[in-house]
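Hydrogens, waters and symmetry mates play no part in the numbers below; they use all other heavy atoms, side chains included.
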Amino acid sequence: MLSPDISKLAEKLARDPSSKLFIPLAEEYRRSGMLDEAIQVLSDCLKANPNYMTARVSLGKMLLEKGNIMEAQIEFEKVVQAVPDNLFAHKKLAEIYQKIGDMENLLKEYKIIISLSPKDKDVMKAIDDLEGNPAKMTPVVETTHTVEIDKSEDATKKSLIEELATETMAEIYIKQGLYEKADEIYQQILGSEPGNIIIRQKRAELVSLMNIIKGEGS
């Protein structure tokens, strides 16, 4: 039996296929353990909206989660072709190339990643390992850190918030349905990078989605 959230979103999407509810519906399917249905929703979305890169990123993540590595690779390659500075997609491609043993493309991806995120020490080390002795290379593993912030140390707090205000963090919030928190992250990024066209576009899509959900819920 489908959850009430899935039924509600599916019904609204059926009434208006041009809405931005594909991703929330796919995430609800995924949370319910219905990964095939989630993938199908995003595939249908991209047939009608092939340039909707946010949906393509979500599809790539779900295909990778399902173990469809080659299909996920195709999706992420399409993303970086359309949006060359999409850091998340480059990291996923690096993960895929690591899995399939494509060291040449892995090194290329790591160099792109370090150009987009120069402070990534793990990737810097991986590049050194690859260029020196590929057989002994340590895979780059993304980790989640819990950071305790002393409220009295305003400068440190601000620095840590800026460090955590990443595109990946916003995507995690979107994945959890925490759209307002994701919007706060995007606004923080744009505060320091007002010319970031990609983030501005992603925020516009997110705001549109929030407006749709609010309007349909009223």
Heavy-atom closest contact ([X] atom, [Y] atom, distance):
| X | Y | value |
| --- | --- | --- |
| Leu46 | Tyr52 | CD2-O, 3.5 Å |
| Leu64 | Ala72 | N-CB, 3.7 Å |
| Ala89 | Val80 | CB-CG1, 3.7 Å |
| Lys78 | Met53 | O-SD, 4.3 Å |
| Ala170 | Ile185 | CB-CG2, 3.7 Å |
| Ala94 | Ile113 | CB-CD1, 4.0 Å |

If you measure from [atom1] on [X] to [atom2] on [Y], what distance do you get to the nearest 0.5 Å?
| X | Y | atom1 | atom2 | result |
| --- | --- | --- | --- | --- |
| Glu27 | Met62 | CD | CE | 4.0 Å |
| Leu93 | Glu109 | CG | CD | 4.5 Å |
| Leu42 | Asn49 | CG | CG | 11.5 Å |
| Leu106 | Ile96 | CG | CD1 | 11.5 Å |
| Leu130 | Lys108 | CG | NZ | 13.0 Å |
| Asn68 | Leu59 | CG | CG | 9.5 Å |

Among Lys61, Gln81, Lys91, which residue meets the side chain to side chain contact (heavy atoms under 4.5 Å, CB included) test with Phe76?
Lys61
[X] side chain near [Y] side chain, heavy-atom distance below 4.5 Å:
| X | Y | answer |
| --- | --- | --- |
| Tyr97 | Gln73 | yes |
| Glu131 | Tyr110 | no |
| Val79 | Lys92 | no |
| Lys99 | Ile69 | yes |

Is there a side chain to side chain contact (heavy atoms under 4.5 Å, CB included) between Glu11 and Lys8? Walk through the geometry before answering.
CA-CA 5 Å; Glu11 181 181 342; Lys8 183 179 179 181; 5.9 Å; no
Hydrophobic clusters here meaning ILVMFWY residues chained together by side-chain heavy-atom distances under 4.5 Å, can you tell me if Tyr179 and Tyr186 are in one?
yes
Do Ile39 and Ile74 belong to the same hydrophobic cluster, where Ile, Leu, Val, Met, Phe, Trp and Tyr are linked whenever their side-chain heavy atoms lie under 4.5 Å apart, directly or via other members?
no
Quick one about Asp36 and Gln40 (side-chain donor to acceptor, distance below 3.5 Å, no hydrogens or angles considered), yes or no?
no
Side chains of Gln187 and Asp183, donor plus acceptor under 3.5 Å:
yes
Evaluate the criterion side chain to side chain contact (heavy atoms under 4.5 Å, CB included) for residue pair Ile189 and Arg203; output intermediate values, then yes/no.
CA-CA 10 Å; Ile189 295 174; Arg203 182 174 183 250; over 6 Å; no
Verify salt bridge (charged side-chain N to carboxylate O under 4.0 Å, His left out) between Glu65 and Arg30, making sure each step is shown before the conclusion.
CA-CA 10 Å; Glu65 183 176 338; Arg30 179 182 172 279; 2.8 Å; yes
Pair Lys111-Leu107, side chain to side chain contact (heavy atoms under 4.5 Å, CB included): steps then yes or no
CA-CA 6 Å; Lys111 288 184 176 181; Leu107 180 58; 3.9 Å; yes
Residues Arg31 and Glu28 bridged, charged N to O under 4.0 Å:
yes
The test is side chain to side chain contact (heavy atoms under 4.5 Å, CB included); show your working for Val123 and Ser117 and say whether it passes.
CA-CA 9 Å; Val123 173; Ser117 181; over 6 Å; no
